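To start, the structure itself, in structure tokens.
In this text the structure is predicted, and so the values were computed from the model without any measurement. In what follows, every chain begins at residue 1, and chains take the letters A, B, ... in the order their sequences are listed.
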Protein chains: 2
Amino acid sequence: MCFYDADGETLQLRDVGERSIIKKLGEIIGTDAIADDCALLDIGKSYFVLLTTDTVSKRTHIPDGATPWQIGYYACAVNLSDIAAKGGFPVGLLFATSYPPDSELEVVLEITRGLADCANIYGTSVIGGDTKEGCDITITGIAVGKVKKTMLMRRKGAMPGDVLYTTGTVGRGGTAMVKLLNNTDTQIATRELLEIEPRITLARQIARTGCVTSAMDTSDGLASALYQLAEINDVGFQVEWEENNFPLYKDAVRVSRAFNIPLTDFIFYGGDYEVVFTVRGEVHQEFEKKCRRLHLPVTRIGTVTNKKGVVLLKDGRISSIPNSGYEHFSATHTLPVLKK
Amino acid sequence: MCFYDADGETLQLRDVGERSIIKKLGEIIGTDAIADDCALLDIGKSYFVLLTTDTVSKRTHIPDGATPWQIGYYACAVNLSDIAAKGGFPVGLLFATSYPPDSELEVVLEITRGLADCANIYGTSVIGGDTKEGCDITITGIAVGKVKKTMLMRRKGAMPGDVLYTTGTVGRGGTAMVKLLNNTDTQIATRELLEIEPRITLARQIARTGCVTSAMDTSDGLASALYQLAEINDVGFQVEWEENNFPLYKDAVRVSRAFNIPLTDFIFYGGDYEVVFTVRGEVHQEFEKKCRRLHLPVTRIGTVTNKKGVVLLKDGRISSIPNSGYEHFSATHTLPVLKK
């Protein structure tokens, strides 16, 4: 059997898009785990083992000015971010790397130092791996984590009436990408994009409150995360944009003015690596009190609704948020700002 | 700091070779786990969790005539082989795959069916993964296994006086490669190379005897495996080639005659995916009795010595076995047969 499009042409991946491919693959494999941040192994009595894998390739993900150390750091951090989104802590990392044979040895060693340093900063270590020839520098990380069964945060669980929160800020990734596209402050932008801080400790503090109903990381952007959570939970989201209260990344306003980009566009960009999560409506005030007491950088940004779709409430008006954000393979993943 | 060769040129990976690179990376990471088949996690009371990763890329590893299903099957099986070498059983697999955007969807689905079918045949399943764009079809498998702490087979442990064994046969991979190089029986050869049978059950039966002192799989060939075991254990190996007793792959003799290749060359080829292991000298007869009773396809092929190096004892004469076999990045990995 072959897949064809309407004109009888054989379908290629670029005709389909990443999330649709992943859905088809999940049907073959017989699991929906492939669509979650982590796979779960029920090995111990009180803990789940978390497993996640994420690949960084130089051509696709890395700005030209990045140092090899930054590439390694980033390839490690993106995997830790998936462990964080589950409320887990890392117990080890493996890296399967591919390098072209003409790669400089020192570059490979610096990338490896970046991997090891990032693991070390987050209290874990590299416990194995594999190095092969390839046509690009490609680093597939595998993070292994543990989470108390009672502390596990899943993607599924949000209900209408729940309150929507994010850790940290929205727009760090977008701000950096706009700078890079406009060839300004490229060193700072590269640092903002690659030297991310997986929310391991913060997410565990949030998970410990016992109030969270669903969570995922915003590696593909806030809009994309909300669309995915909406589909999994069969709910909708209303993002409530209060001008002085929305947790925009500190440099976003300046960049927005300098390059004439609507502030709200920053919710479409990936690269934030925050955790977006929902809290049961009845306990959200208690939850916020706990957060204030512990000085947790967590902000309410909306509510879960029973209407399909993701909308933005701003200045009293509701508008639809398009389901866009970075998607691999797709020819249509252009971000709003790139169309200008 | 930069690495330079004697002429002051910057060193590239192809100047160094895979095993030397892995050693340098291990120094940075601060572990020697990277050189073993699997990483171990001491999570439960009586079991270790085994983790291993192996990457298959179409350009480097796959013969032209291979079907997408075979590519998937192989990418899964090579990872299970590492779990087997430890005496473990698989509990789940993840796959991080990269595809060029112009890949046909049906090819991707068939590869995925191959992955899932192989996992299924060996009693496990795919529990997660990641799909990205890349310049080649690349499949990084991650196998998770479990092994009773008392049944773990390590690479380290061989002592002079131990007896050397292999499961199955030697030369399946080499026979297939010679056929492919000579463009004959290519379909059969492709099957021999890719539809390998990880020794999960057999290796566990061997591990259960409690007689094994060290083990590893022969994915890079018997000679390469013995050189690696020799270095780790600070011992030597004498391979004893008894004409009618050496467990050569069934088609090796015919291929050897047809293409005028010395039979002993087959120990240099990779792709056998058997388990080579050592047994304490004092218990080796008892071990062999157990194997006969259980009809295990296991053959004695030599002994562990206290002399450095790997030698071949054949027709009463001892000759040195060169440390050659497939090594990534290395410009000098030409196999003996290719030099003819």
Give, as side chain, backbone, both or neither, the part of T55(A) having an atom under 4.5 angstrom from any heavy atom of chain B. both

Should K24(B) and E27(B) count as an ion pair when the cut-off is N to O under 4.0 Å? no

Which one, D102(B), T140(B), I142(B), D54(B), leads in non-hydrogen pairs under 4.5 Å with chain A? D102(B)

Counting heavy-atom pairs under 4.5 Å with chain A, the top scorer among T138(B), V108(B), N120(B) is V108(B)

Is the SG-SG separation for the cysteine pair C118(A) and C76(A) below 2.5 Å? no

Side chain, backbone, both or neither: which part of S125(B) has a heavy atom under 4.5 Å from chain A? neither

Using non-hydrogen atoms and a 4.5 Å limit, figure out which bit of V107(B) sits close to chain A: side chain, backbone, both or neither. neither

Top residue by heavy-atom pair count (under 4.5 Å) with chain B, among A96(A), S103(A), A116(A)? S103(A)

Contact winner vs chain B - L115(A), T112(A), L41(A), V91(A), heavy-atom pairs under 4.5 Å: T112(A)

Would S81(A) and D217(A) count as having a side-chain donor-acceptor pair, cut-off 3.5 Å? yes

Do D82(B) and T52(B) have side-chain N/O donor and acceptor atoms under 3.5 Å apart? yes

Answer yes or no: is there a donor N or O on one side and an acceptor on the other, between the side chain of T53(B) and the main chain of G141(B), under 3.5 Å? yes

Under 3.5 Å, sequence neighbours excluded: what are the donor-acceptor pairs made by side chains of residues 66-74 of chain B?
residue	atom	partner	partner atom	Å
T67(B)	OG1	Q70(B)	N	3.0
W69(B)	NE1	D117(B)	OD2	2.7
Q70(B)	OE1	T67(B)	N	3.1
Q70(B)	NE2	E195(B)	OE2	2.9
Y73(B)	OH	I196(B)	O	2.8
Y74(B)	OH	Y273(B)	OH	2.8

